[in-house]
Structure formats: structure tokens, C-alpha cells
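Written below as C-alpha cells is the structure these notes are about.
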Amino acid sequence: MKKHAIIPIFISHRGCPHQCVFCNQKAITARSGNVSPDEARKTIEEWLSSLEKRELEKELSFFGGSFTAIPLDEQRAFLRLAKEYKDSGRIDKIRCSTRPDCINEEILDNLKSFGMDVIELGAQSFDPAVLEASQRGHSAEDIYAACRLIKSYGFSLGIQLMIGLPRDSYELSVSSAEKAAALAPDVARLYPTVVIRDTPLYEMMKKGEYRGFGEELMLKTVKEMYSILTKNGVKVIRIGLKSNELIKGEDYHPAFGQLVKSSLALDDILAKLADKQLLLKERGSEREAKRVIISAPPELINFAVGHKAYNKAFIESEYPWLKLGFKSDSASDGIKISVL
């Protein structure tokens with residue numbers, strides 16, 4: 001299978017009918033002003049100048065705003081450009097992100113006619129109280145209706161969820177993951193709420209009206225959501241925002257996705273170690289030293305070792321009598337424990 005590369009076109013805050021409490025699109029996309037199709041073409045060519053030299057599946061993605069909320073004539077101008085590159089074979093897929101209340105049959109007919117492949121919905125939460133407190137401007141039923149309609153047209157569906165919004169909780173976020181999984185999207189993104197300056201949420205935080213989850217609860221929540229989605233066949237393609245200078249210094253861990261996957265890997269390793277009773281064999285008053293190799297496929301080995309080697313250090317502290325090693329194994333389909 002070819003590796004995947006995304007060519008991002010940021011349509012900054014274009015057409016979005018609501019100001020959600022967490023949103024400052026200019027900060028998130030690190031852009032200002034409007035992007036024209038001509039500027040989008042320049043961006044595409046810049047990306048393709050390096051991507052076309054590599055064997056990659058190339059996807060043109062319209063991010064940064066509610067793409068289907070901009071006027072249809074403007075949508076068509078961008079979509080004609082995207083279709084031109086897709087028809088010529090220079091890109092393979094077209095993706096856009098939008099809001100649940102900006103989906104209807106006319107919009108989907110238009111997207112279909114230009115070869116759109118993937119539609120991601122910023123659902124954020126399935127809980128009515130959280131949606132209202134976040135000033136989303138749409139209901140939970142709007143999410144269900146949009147998802148059903150998108151799937152009926154044959155598009156690939158993505159669902160984006162935010163964790164830690166006003167009035168959110170561990171239980172409500174986990175419930176949102178369960179409800180998202182029941183809709184059988186192809187992909188999902190999990191975004192811990194980031195408090196960005198010049199947003200209503202920032203003002204709420206300063207007044208003491210909002211308090212985030214904190215890293216420990218956020219990690220616990222996102223781990224459970226990730227597990228629910230993946231166990232139901234939903235591919236989680238991102239956890240957390242990409243770090244950039246505009247969010248540096250806020251209460252946000254730029255490697256949060258790695259923390260989540262590393263913590264899940266540690267849980268898996270500890271369960272496998274506990275299951276191997278021979279590791280607990282004692283020799284007199286001292287446990288017998290054992291050589292243990294933890295192997296994982298290349299895409300998982302860094303998570304097995306842990307962020308800044310945290311997992312390795314933790315296992316060594318829990319099992320000080322083990323001689324621990326890690327091995328990348330392309331033939332492996334998961335994390336495995338070998339006792340030598």
C-alpha cells in the first residue's frame with residue numbers, strides 16, 4: 001500500500017456561520033485573509049514539486065473552515081481546480097472538512113460532480129449540552145442526519161471530536177466516541193481542546209468559567225475513545241493539533257498523540273508481562289534475572305519504547321530483575337514478548 005501525503009489548502013474561516021467558543025481560525029491555520037484559487041494552485045504546485053518524485057497517494061484537502069458553507073460559486077472555483085489535478089492523475093483524492101449543518105443534497109450533488117472523495121464533519125460532541133455551551137449552532141440530530149446523507153452518496157466519512165469542551169466530562173466524551181463508532185465512519189480525528197488567545201473560551205478561562213480536563217484526565221479519556229473507535233474498525237488518523245508557533249506556550253502538549261499511543265502500548269506490554277508467570281520465578285530471596293525482548297512492527301516500536309523512553313524506564317522500575325530489550329520486527333502484527 002502506498003504511503004499517504006496530504007496537500008493542505010486552508011480556507012481560513014470562510015463561510016462558517018458561527019463563532020464557536022474555542023475557535024480562532026486565523027491562529028489555527030497560521031494564515032490571514034482569503035485564499036483564491038490562483039493562490040491554491042501555487043500551493044499545489046509547490047507541494048507537487050517534491051511529492052511527485054515519490055511513490056505516494058496524494059490527496060488535496062480543503063481545511064481550515066467550513067468548506068461547504070461558502071457560496072456554491074466559490075466552492076466550484078476551488079473544486080474545478082481540484083478536479084483538474086485529479087483528472088490529470090497528479091493527485092489521487094479530494095477531501096474537505098465542514099460542519100454538520102452545512103450538508104444537504106444540493107451541496108453533496110455539487111461535491112459529487114467534481115469528484116470529491118472524503119468529507120470530514122466537525123461534530124465535536126454528540127451531547128446537546130456540550131454543543132450548546134460551545135456555541136456550535138447545530139444539534140446532535142444534525143450530526144446524525146449529515147452522516148447518513150454523506151454515506152448514502154458513497155463518500156468516505158470522517159468524524160472529528162473535541163474533548164474537554166465546556167460542560168464536557170469523561171463519560172460524555174466516551175459516549176460521543178461510542179455514538180461516532182456506531183455511525184461507522186471511515187476515519188476519525190480526536191482533538192483535545194486547546195485554549196487559544198482571542199477566543200471566547202480564553203475569556204471564559206480567565207474569568208474562571210471554564211476549566212480544562214488537565215493532562216491526566218485528558219490522557220485517560222482520549223485513550224478510551226481511541227480504543228472504542230479502533231476496536232470498531234474506525235481508523236483514527238490524528239490525535240491533537242499539529243504544533244506551531246501560534247499555540248506554543250498555551251496549556252497544550254505538542255506530542256499528545258504520541259503520549260496516547262505510548263500509554264496504550266505500555267498497557268499492552270504490562271498485561272503481557274503479567275500474563276507470563278515465569279517472569280515472577282524466584283531464586284532464593286532474589287528473582288531470577290531474565291532476558292526479555294519486546295518486539296513490535298516498525299510503526300509501533302517507538303510507541304512501545306514510549307515518549308522520551310518513558311515506557312522502557314517504567315518497565316525497568318517495575319521489573320528490575322529483567323534484562324530488557326526492544327526490537328523492530330516487520331513481520332510482527334503487534335507487540336510481542338519473548339523470554340530468552
Side-chain angles (χ1 to χ4, degrees), residues 4 18 20 22 59 61 63 66-69 93 95-105 107-108 111-112 116-193 213 217-241 256-257 260-261 263-264 267-268 334:
H4 191 73
H18 295 279
C20 302
F22 54 82
E59 181 181 276
S61 300
F63 289 139
S66 299
F67 182 77
T68 63
K93 290 184 178 180
R95 176 188 301 250
C96 73
S97 59
T98 192
R99 295 169 50 90
D101 53 347
C102 295
I103 291 291
N104 57 39
E105 292 183 350
I107 285 169
L108 294 182
L111 296 179
K112 197 76 173 179
M116 181 66 66
D117 297 286
V118 186
I119 300 175
E120 291 194 41
L121 288 181
Q124 318 311 3
S125 175
F126 281 79
D127 184 77
V130 175
L131 293 173
E132 181 180 7
S134 303
Q135 299 177 20
R136 285 291 293 164
H138 67 75
S139 67
E141 183 50 44
D142 289 329
I143 303 172
Y144 289 113
C147 288
R148 288 191 292 264
L149 197 56
I150 288 168
K151 289 177 72 72
S152 74
Y153 269 74
F155 294 105
S156 292
L157 171 66
I159 294 180
Q160 302 171 4
L161 297 173
M162 289 189 72
I163 302 93
L165 289 168
R167 299 184 67 175
D168 198 8
S169 67
Y170 170 83
E171 292 78 12
L172 291 178
S173 282
V174 168
S175 176
S176 285
E178 292 170 341
K179 290 172 181 176
L183 290 166
D186 299 279
V187 298
R189 298 176 193 256
L190 301 176
Y191 292 125
T193 297
F213 274 22
L217 179 57
M218 186 64 75
L219 183 62
K220 175 185 174 182
T221 306
V222 176
K223 280 175 62 178
E224 183 62 20
M225 296 173 73
Y226 181 92
S227 296
I228 289 167
L229 291 163
T230 54
K231 286 175 182 176
N232 283 277
V234 182
K235 184 177 182 181
V236 179
I237 57 176
R238 176 158 291 282
I239 302 173
L241 291 168
F256 187 78
V260 170
K261 293 181 180 180
S263 184
L264 287 165
D267 291 346
D268 188 15

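Predicted model only: the values in this text are computed from it and were never measured. All residue numbers in this chain count up from 1 along the given sequence.
- Residues L229 and A180 share a closest heavy-atom pair of CD2-CB, 4.3 Å.
- We find the CE-OG1 distance between M218 and T193 to be 5.5 Å, quoted to the nearest 0.5 Å.
- The side chain to side chain donor-acceptor pair (under 3.5 Å) search around R167 returns none, not counting sequence neighbours.
- The distance between the ring centers of F126 and Y144 falls below 6.0 angstrom.
- Between K261 and I239 the shortest side-chain heavy-atom distance falls below 4.5 Å.
- Of all heavy-atom pairs spanning H138 and A123, the tightest one is CE1-O, 3.9 Å.
- Side-chain contact between T68 and M116 is absent, with no heavy atoms from C-beta onward closer than 4.5 Å.
- The closest side-chain heavy-atom distance from I119 to L111 is below 4.5 Å.
- Using a cutoff of 4.0 Å between basic side-chain nitrogens and carboxylate oxygens, R148 and E141 are scored as salt-bridged.
- By the 4.5 Å heavy-atom criterion applied to side chains, P100 and R136 are counted as neighbours.
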May I have the step-by-step check of side-chain contact (heavy atoms from CB on, under 4.5 Å) for V260 and L190, ending in yes or no?
-> CA-CA 11 Å; V260 170; L190 301 176; over 6 Å; no
Give the C-alpha distance, both sets of side-chain angles, the deciding distance and a yes or no for side-chain contact (heavy atoms from CB on, under 4.5 Å) between K235 and D186.
-> CA-CA 6 Å; K235 184 177 182 181; D186 299 279; over 6 Å; no
Output, in order, the C-alpha distance, side-chain angles, deciding distance and verdict of side-chain contact (heavy atoms from CB on, under 4.5 Å) for S134 and C20.
-> CA-CA 6 Å; S134 303; C20 302; 5.7 Å; no
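- The distance from atom OG of S176 to atom CG of L165, rounded to the nearest 0.5 Å, is 9.5 Å.
- The line from CD of E178 to OG of S173 is 11.0 Å long, rounded to the nearest 0.5 Å.
- Take D127 and apply the side chain to side chain donor-acceptor pair (under 3.5 Å) test, not counting sequence neighbours, and it matches no residue.
- Put simply, OG1 on T221 and OH on Y170 are 6.5 Å apart, with the number rounded to the nearest 0.5 Å.
- To the nearest 0.5 Å, atoms CG (L183) and CG (N232) are separated by 11.0 Å.
- Across every non-hydrogen atom of G137 and D101, the tightest pair is O-OD2, 3.5 Å.
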Tabulate below the donor-acceptor pairs under 3.5 Å that side-chain atoms of residues 149-163 make, not counting sequence neighbours, or state none.
residue	atom	partner	partner atom	Å
K151	NZ	A184	O	2.9
S152	OG	L149	O	2.7
Y153	OH	E105	O	3.4
Y153	OH	D109	OD1	2.9
Q160	NE2	E120	OE1	2.9

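- Environment of NZ in K112: crowded, with over 12 heavy atoms of neighbouring residues, nucleotides or ligands closer than 6.0 Å.
- At least one side-chain heavy atom of C147 sits under 4.5 Å from a side-chain heavy atom of L121.
- By the 4.5 Å heavy-atom criterion applied to side chains, D117 and R95 are not counted as neighbours.
- With S227 contributing its side chain and K223 its backbone, the two residues share a donor-acceptor pair below 3.5 Å.
- Using a 3.5 Å distance cut-off with no hydrogens or angles, the side chains of E59 and S61 do pair a donor with an acceptor.
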